[in-house]
Structures are given as structure tokens and as C-alpha cells.
Amino acid sequence: MVGQDLTTASCPVVLHHPERASGLADLLQQFLQQNLAASPKKAARAARLQGEMLFRSAEDPGVCVRICFAHGAIELCDVGDPDDAEHARLPSITSDFVSTSRLTTGQSSPLALLLRRRVRAHATVWQARFLWRVLEVMRLDDTPARVRRTWLLRAAAVVGGAALVYGIVWYLW
């Protein structure tokens, strides 16, 4: 990537064996493709990722998609046996259909879904950073309503903090 502008880098998303791919694999491929096409910064971030992970269906343990980030591309394929030794070492996300659709449409952030236990993550300490970066790539860019809500929460925190400090100083005086 020497001499290449990272803000315009592309990151192809390839689905192996699309004719017999699961609905989850097809959904993830379409979502990642659209999300990265809409955001060159995210595409550049995804192109720099190196590693593999599993995306599991909470409703059907047999449906599992392996997502491989390597060489500036993302490859997806269905996994036959997600519990074999090779796949057991990979970090994973387990999600039900509703939570996956909320994640992919931007209705909920990955962190909010994790905190509400709608999405479960499994990773070692060493894999957690990679998994977090994958979730950042999957998160849709902020909508104006979400930006406004974040701004209001920050303003409320500043006002509340200032009131607390003022109250402590007034009490100690």
C-alpha cells in the first residue's frame, strides 16, 4: 500500500460458494459490502485488519460463518462444524436474527447489543482488540439523531459535573 491513499482504498468482500451459502453468510456479505462502499475510511480500516473470526447464529448452532480479514480483503464462508478444534480457537460473535438485523441496519450499536446481552462475544484477551475492531467496522456511521443524542448526553454530563463541583466547593466553604 505504499503510495496509496488509504481514504480511497477498497476492500473487496468475497462470499465463497454463494449458490449454497446460508442466509446469515449472504446477509453479512451484503451488509459489509454496502457499509464499506459507503465509507472509504471504514474500507481502509477493514483492509488493514488481519485475522479470522466466527459469526454464529443463536437460533441454530449449526449456522456459522467464518470471516477472514487478510491481504486487504474480507472473505466469508459457511463453516460445517463450528465446534471442531480449528474453529474453537477463533474469536466469535453469537447473535440472534433480530439483533443481527438491528446491528446491520444501524438501529443498535454493537456495544449496546453486547451490554444488553443480545449479542455475545467470545475471545481471549489477545483476540479482544481484533474483535472490537471488527465490530467498529460493522457499526454504521452515526446518524444525525445519534450524533444529536450523544451531544446532549455529553452536555448533560458536563453540566452535572459542574454542578457537583460547585456543590462540593460551596459545602466546603
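The structure displayed is predicted, hence computed values, not measured ones.
Both W132 and L115 sit in one connected hydrophobic cluster of ILVMFWY residues. Membership requires side-chain heavy atoms under 4.5 Å apart, directly or through other members. Residues L32 and F130 share a single hydrophobic cluster, defined by chaining ILVMFWY side chains whose heavy atoms lie under 4.5 Å apart. Under the 4.5 Å side-chain heavy-atom criterion for grouping Ile, Leu, Val, Met, Phe, Trp and Tyr, L114 is connected to L131 within one hydrophobic cluster. A single hydrophobic cluster is seen to contain both Y171 and I168, as judged by linkage of ILVMFWY side chains at heavy-atom distances under 4.5 Å, directly or through other members.
Atoms SG and CD, on C11 and Q33 in that order, are 10.5 Å from each other to the nearest 0.5 Å. With rounding to the nearest 0.5 angstrom, the CG atom of L113 is 12.5 Å from the CZ atom of R120. Interatomic distance, C64 SG to H87 NE2, rounded to the nearest 0.5 Å: 7.0 Å. A distance of 7.0 Å separates CD1 of I93 from CD1 of I67, quoted to the nearest 0.5 Å.
Looking only at distances, no side-chain donor or acceptor of S57 sits under 3.5 Å from a matching main-chain atom of V63. In this structure, the side chain of Q127 engages the main chain of R89 through a donor-acceptor pair within 3.5 Å. Side-chain atoms of N35 come within 3.5 Å of backbone N or O of V137 as a donor-acceptor pair. A distance-only check finds a donor-acceptor pair linking the side chain of D78 to the backbone of S22 [under 3.5 Å]. Q29 places no side-chain N or O within 3.5 Å of a backbone atom of V14 that could act as its donor or acceptor partner.
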What do the steps show when you test Q34 against Q30 for side-chain hydrogen bond (donor to acceptor under 3.5 Å, both in side chains), and what is the final call?
CA-CA 6 Å; Q34 292 170 0; Q30 289 179 27; 4.9 Å; no
Could you walk me through whether D60 and L24 pass the side chain to side chain contact (heavy atoms under 4.5 Å, CB included) test, one step at a time?
CA-CA 11 Å; D60 185 355; L24 180 61; over 6 Å; no
Between E52 and F69, does the side chain to side chain contact (heavy atoms under 4.5 Å, CB included) criterion hold? Intermediate values first, please.
CA-CA 6 Å; E52 298 175 276; F69 293 83; over 6 Å; no
What do the steps show when you test D26 against L76 for side chain to side chain contact (heavy atoms under 4.5 Å, CB included), and what is the final call?
CA-CA 9 Å; D26 192 43; L76 294 96; over 6 Å; no
Go through the steps for S39 and R45 under the test side chain to side chain contact (heavy atoms under 4.5 Å, CB included), then give the verdict.
CA-CA 10 Å; S39 175; R45 210 177 304 153; over 6 Å; no
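A donor-acceptor contact closer than 3.5 angstrom is absent between the side chains of R56 and T94.
Applying the ring pair (Phe, Tyr, Trp, His ring centres under 6.0 Å) test to every pair with at least one member in residues 13-63, sequence neighbours left out, gives no pairs at all.
Side chains of E75 and P12 form no contact here, defined as non-hydrogen atoms less than 4.5 Å apart.
Under the rule for a salt bridge (charged side-chain N to carboxylate O under 4.0 Å, His left out), the partners of D96 that lie at least two apart in sequence or sit in another chain are R118.
Summarising the hydrophobic clusters (Ile, Leu, Val, Met, Phe, Trp, Tyr; side-chain heavy atoms under 4.5 Å, direct or chained), the residues clustered with L90 are L54, V79.
Scanning both residues, E59 and P61, for their nearest heavy atoms gives O-CD, 3.8 Å.
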